[in-house]
2 protein chains.
Amino acid sequence: MHTMATAHTATPAAAIIARGPQTARPVPAADIAAPTAGSVRSYTKDEEIFSEGDRAAYLYKVVSGVVRTSKLLSDGRRQIDAFHLAGDIFGIETGDEYRFSAEAVGDAVVIAYRRCSLETLAATDTQFAQQFVRGMMRSLERAQEHMLLLGRKTALEKIATFLIDLAERASGDDGAVDLPMSRADIADHLGLTIETVSRSLTQLERDAVIKLPSTRHIVLSDKAALRRLNA
Amino acid sequence: MHTMATAHTATPAAAIIARGPQTARPVPAADIAAPTAGSVRSYTKDEEIFSEGDRAAYLYKVVSGVVRTSKLLSDGRRQIDAFHLAGDIFGIETGDEYRFSAEAVGDAVVIAYRRCSLETLAATDTQFAQQFVRGMMRSLERAQEHMLLLGRKTALEKIATFLIDLAERASGDDGAVDLPMSRADIADHLGLTIETVSRSLTQLERDAVIKLPSTRHIVLSDKAALRRLNA
DNA sequence: CGAATACTTGATAGTCCTCAACTCAAGTGG
DNA sequence: CCACTTGAGTTGAGGACTATCAAGTATTCG
């Protein structure tokens, strides 16, 4: 049962902080999916995983499907800070409470790790600690890239960046993207309205940059043009 | 000379990941300012500390003054992701290169830590490792809060949020803020233009929410109204 | 098949941007 | 000491991009 990595180093903290990805071996998900480490949970479309303000007892890793984390303003305006795909970690908090809500975008499976067991885990499992810190760093990098998008890009540029990013992350980068999320989700992620998202997509189609065989399936016919829009 | 904390725990990684702030003792800056750990550097207004794409050899901590980190689009549009005040850490990277530029907003003093020495540091200095990870988490929280601002708040709300945040961080929260940065910096931080920043400030003054004795000095006369705008 | 939901499209409006002129403060040099 | 210059900030007029409101089409699901 205990399939976790047992390789200890004398300095786990050093391993965590160590230089970029080049020093990191990719860690198969199975390594941290050991039953002793976390529990598997399934959610259906729009089901809540946790809510802003909940006690942050768990930390999650996506196994399959997509999860969105979002914040709300008092009047209901919503900002989706990220979509989490298979392998992504979400629910990282410094404080006691989640500062986000998390919901399944479609059907999704995640692993939940007890937060209080992290101390033990980190002490014995350097790889997990590394994964944790790397996950946080990736979140930070994404967030910073996204601030540039939200603050300074036009609607068309936002859509272009979004499509490229999703194609690289989700698809095999084969020039086609399956959108797991609704227009409303995309809008709330990019700081737009659903109408502007729709209009931008149809304009890209008119300009022969993409094709829209169906609403949730997009073919990136002219990636060069998309990249140009990426500014 | 070697004034660094020498308290070792058996599990530095565990200490890093351990539950929120409640488990952390505040660490005086002096503890990590040991000559062996980092070097002090001074910069003048608008001087570059590092540039997007530079080899990320150092990690910085602000001693005094204010530092801005920003990203540029190809056509010059700029997004300032954060202003770093005394005590803040910036220049954290996973990869080899900085994904930001960093410049002094006014005169500023920082401590530079060699990145390659971090492994050693973390192995021997749990407190520093903790500081590092906490700094990263704080950056992440700020970034996430800022995405909500950039994506979903109006100009007035952006300004209100900015003023409240700056008052809490920089001033003694005494109802007055000294702006260390120009209107252009504020605009590029909030995703606005300098004109809109100016207009929003004068409107807040007309509405008796703030006073503007001089361009860089703001009195928050009606904090309740500001908080209401915070949405 | 009908109802509900998701998405698209159109017309109009509003917020914020752009361009431009102007004020103000600070620094320079005659 | 006073033009002169320069950069920062303010204010105004007009325009553009995106939001809002509204209707229509497509898709999903019971």
Side-chain angles (χ1 to χ4, degrees), chain A residues 44-46 68 73 75-79 105-107 149-163 177-207 210-218 229 231, chain B residues 44-46 68 73 75-79 105-107 149-163 177-207 210-218 229 231:
Chain A
T44 59
K45 184 168 151 61
D46 292 329
R68 64 172 176 258
L73 291 178
D75 63 355
R77 278 173 288 176
R78 183 177 69 154
Q79 177 65 40
V105 169
D107 291 347
L149 177 148
L150 291 171
R152 288 301 180 214
K153 291 190 182 179
T154 66
L156 269 178
E157 291 169 343
K158 286 176 177 180
I159 295 288
T161 303
F162 177 70
L163 291 179
V177 192
D178 277 303
L179 296 180
M181 72 291 284
S182 68
R183 300 291 190 265
D185 282 345
I186 298 174
D188 285 346
H189 183 49
L190 302 180
L192 299 170
T193 59
I194 54 176
E195 292 95 331
T196 301
V197 170
S198 184
R199 273 187 258 270
S200 301
L201 286 172
T202 49
Q203 179 170 346
L204 288 178
E205 191 180 30
R206 267 200 308 275
D207 299 349
I210 63 173
K211 290 193 192 75
L212 291 159
S214 71
T215 55
R216 297 290 184 101
H217 191 249
I218 300 183
L229 276 172
Chain B
T44 60
K45 184 170 151 60
D46 292 328
R68 64 172 176 259
L73 291 178
D75 63 355
R77 280 174 286 175
R78 183 178 68 153
Q79 176 65 41
V105 169
D107 291 347
L149 178 149
L150 291 171
R152 286 301 180 215
K153 291 190 182 179
T154 65
L156 270 179
E157 291 169 342
K158 286 177 177 180
I159 295 287
T161 302
F162 177 71
L163 290 179
V177 192
D178 277 303
L179 297 179
M181 72 291 285
S182 68
R183 299 291 189 265
D185 282 345
I186 298 174
D188 284 346
H189 183 48
L190 302 181
L192 299 170
T193 58
I194 53 176
E195 294 94 331
T196 300
V197 170
S198 185
R199 273 187 257 270
S200 301
L201 286 172
T202 49
Q203 178 171 346
L204 287 178
E205 191 180 30
R206 266 202 307 276
D207 299 350
I210 62 172
K211 290 193 192 75
L212 292 160
S214 73
T215 56
R216 297 290 183 103
H217 192 249
I218 300 184
L229 276 173

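Chain identifiers are assigned alphabetically (A, B, ...) following the order of the sequence lines, protein sequences preceding nucleic acid strands; residue numbering begins at 1 within each chain.
- Panel note: side chain Arg152(B), backbone Arg77(A); no donor-acceptor pair is recorded below 3.5 Å.
- Atom P of nucleotide dT10(D) and atom CD1 of Ile159(B) are separated by 10 Å, given to the nearest angstrom.
- Using a 4.0 Å cutoff on non-hydrogen atoms, the parts of residues 177-194 of chain B near DNA chain D are Ser182(B), Arg183(B), ordered by number.
- Summary of the strand contacts: Arg152(A) and Leu201(A) both lie near DNA chain C, and taking for each the nucleotide with the nearest heavy atom, the more 5' one is attributed to Leu201(A).
- In this structure, the NZ atom of Lys45(B) is 17 Å from the P atom of dT6(D), given to the nearest Å.
- Applying the side chain to side chain contact (heavy atoms under 4.5 Å, CB included) rule to Leu201(A) yields the partners Ile159(A), Leu163(A), Arg183(A), Val197(A), Ile210(A), Leu212(A), Ile218(A); only residues at least two apart in sequence or on another chain are considered.
- Where DNA chain C meets chain A (any atom under 4.0 Å from a heavy atom), the bounding nucleotides read 5' to 3' are dC7(C) to dA11(C).
- Closest of all the heavy-atom pairs between Asp107(B) and Lys45(B) is OD1-N, 3.3 Å.
- Judged as a side chain to side chain contact (heavy atoms under 4.5 Å, CB included), and not counting sequence neighbours, the contacts of Thr196(B) are Ala155(B), Leu192(B), Thr193(B), Ser200(B).
- Between Arg216(B) and Pro180(B) there is no side-chain heavy-atom pair separated by less than 4.5 Å.
- Checked by atom type and distance alone, the side chain of Ser198(A) never pairs as donor or acceptor with a backbone atom of Ile194(A) at under 3.5 Å.
- With rounding to the nearest 0.5 Å, the separation of CZ in Arg199(B) from CG in Leu156(B) is 12.0 Å.
- Counting only heavy atoms from C-beta outward, the side chains of Ile186(B) and Lys158(B) never approach each other to under 4.5 Å.
- For Gln79(B) against His189(B), the heavy-atom pair with the smallest separation is NE2-O, 3.1 Å.
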Annotated protein contacts, base or backbone, on nucleotides 24-30 of chain D with a non-hydrogen cut-off under 4.0 Å, one of B, S, - each: -------
Below 3.5 Å is the cut-off: list the nitrogen or oxygen pairs between protein and nucleotides 12-17 of chain D, distance only.
from, atom 1, to, atom 2, distance (Å)
dG12(D), N7, Arg199(B), NH1, 2.8
dG12(D), O6, Arg199(B), NH2, 3.2

